[in-house]
Amino acid sequence: MSDHKANELGWMLDEVLKVPEARHAILVSADGMLRAHSQGIDRDHAERQAAALSGLQSISRSTAEFCAEEGTPWRQTLVEFAGGYVFLVAAGPGAYLAVSASPDVDMEAVTYRMHKLVDRLGKELTSPPRNGLGDQT
């Protein structure tokens, strides 16, 4: 399968990268599988990051009771490094959106764009798959 065919939602992720200093965006499934990636990050690198980010989300979710009562839903994680940030947000049932950015990024602008994108992705992720034959019910 070509990378283009396997990355049908990638063009949507490029929207987040319009924020200056945003670097890469990937869409990850709960089991760590890459669903889509933005331009500028190759598939192999995106797949490695997807697996790691799935673990990060799992750890974040399991520490919710440190903040509130057990069962509190996880919404987002922000990790700061000397070289920038990783933003991770829920993007629908079993999907997560991750964005990397430089230390100079406008954090509010990134999170705003991410949440707007999640709204758009929600419609794409919940749409029934097309069988290519049209609706023949």
Side-chain angles (χ1 to χ4, degrees):
M1 180 182 298
S2 73
D3 189 48
H4 172 70
K5 183 69 174 160
N7 194 34
E8 291 178 354
L9 298 176
W11 67 272
M12 291 179 77
L13 303 185
D14 293 334
E15 290 294 312
V16 174
L17 302 184
K18 291 180 179 178
V19 174
E21 303 297 323
R23 294 178 177 150
H24 305 295
I26 61 175
L27 184 62
V28 182
S29 69
D31 60 359
M33 301 300 294
L34 178 66
R35 299 277 309 266
H37 60 90
S38 61
Q39 292 182 5
I41 183 171
D42 66 64
R43 184 164 189 82
D44 288 341
H45 186 211
E47 285 178 343
R48 285 191 304 277
Q49 295 305 314
L53 289 162
S54 175
L56 178 62
Q57 186 279 331
S58 179
I59 290 168
S60 297
R61 189 180 60 225
S62 69
T63 59
E65 65 185 67
F66 185 63
C67 177
E69 61 188 54
E70 189 174 341
T72 299
W74 170 85
R75 292 191 180 143
Q76 66 183 19
T77 298
L78 170 68
V79 182
E80 180 179 6
F81 300 94
Y85 300 97
V86 172
F87 301 82
L88 183 63
V89 300
Y96 314 108
L97 175 62
V99 172
S100 66
S102 83
D104 299 321
V105 74
D106 179 340
M107 294 170 61
E108 185 177 354
V110 170
T111 55
Y112 175 79
R113 288 251 182 156
M114 288 178 76
H115 288 284
K116 294 299 272 181
L117 177 57
V118 164
D119 289 342
R120 290 180 59 206
L121 283 170
K123 295 174 180 85
E124 292 292 327
L125 294 174
T126 58
S127 297
R130 299 179 201 163
N131 61 14
L133 300 175
D135 188 10
Q136 298 180 354
T137 55

Student: Determine, using the 4.5 Å side-chain heavy-atom cutoff (strictly less than), whether L78 and V16 are members of one ILVMFWY cluster.
Tutor: yes
Student: Please list, chain by chain and in numerical order, all residues satisfying side-chain hydrogen bond (donor to acceptor under 3.5 Å, both in side chains) with E15, sequence neighbours excluded.
Tutor: K18
Student: Indicate yes or no for a side-chain donor-acceptor contact from S54 to the backbone of A50 under 3.5 Å, with no hydrogens or angles considered.
Tutor: no
Student: Could you give the distance from CG (D42) to CD (E47), rounded to the nearest 0.5 Å?
Tutor: 9.0 Å
Student: So does Q39 get a backbone contact from the side chain of D14, meaning a donor-acceptor N/O pair under 3.5 Å?
Tutor: yes
Student: Any chain of hydrophobic side-chain contacts (each under 4.5 Å) joining L88 to V79?
Tutor: yes
Student: Distance from R75 atom CZ to H115 atom NE2, nearest 0.5 Å?
Tutor: 9.5 Å
Student: Over all heavy atoms of both residues, which pair between H37 and I41 is shortest? Give the atoms and the distance, please.
Tutor: ND1-O, 3.1 Å
Student: To the closest 0.5 Å, what do you measure between CZ (R113) and CZ (F87)?
Tutor: 13.5 Å
Student: Please report the shortest heavy-atom distance between V118 and A91, naming the atom on each side.
Tutor: CG1-CA, 3.8 Å
Student: Are Y85 and L17 grouped together when hydrophobic residues (ILVMFWY) are joined by side-chain heavy atoms under 4.5 angstrom apart?
Tutor: no
Student: In a table with atom names and distances, give each donor-acceptor pair under 3.5 Å that connects a side chain of residues 97-105 to protein atoms at least two apart or in another chain.
Tutor:
{"residue": "S100", "atom": "OG", "partner": "H24", "partner atom": "N", "Å": "3.3"}
{"residue": "S102", "atom": "OG", "partner": "E21", "partner atom": "OE1", "Å": "2.7"}
{"residue": "S102", "atom": "OG", "partner": "D104", "partner atom": "N", "Å": "3.2"}

Student: Decide whether Y96 and I59 are clustered together by the hydrophobic rule: side chain heavy atoms of Ile, Leu, Val, Met, Phe, Trp, Tyr closer than 4.5 Å, transitively.
Tutor: no
Student: If you measure from CZ on R23 to OG on S38, what distance do you get to the nearest 0.5 Å?
Tutor: 12.5 Å
Student: Can you measure from OG (S60) to CG (L53) and round to the nearest 0.5 angstrom?
Tutor: 10.0 Å
Student: Take atom CE of M107 as the centre, draw a 6.0 Å sphere, and report whether it contains more than 12 heavy atoms from other residues, nucleotides or ligands.
Tutor: yes
Student: Distance from L121 atom CG to M114 atom CE, nearest 0.5 Å?
Tutor: 10.0 Å
Student: Give the minimum heavy-atom separation between A46 and L34, together with the two atoms involved.
Tutor: CB-CD2, 3.6 Å
Student: Please check if V86 and Y112 belong to a single hydrophobic cluster, counting links between Ile, Leu, Val, Met, Phe, Trp and Tyr side chain heavy atoms closer than 4.5 Å.
Tutor: no
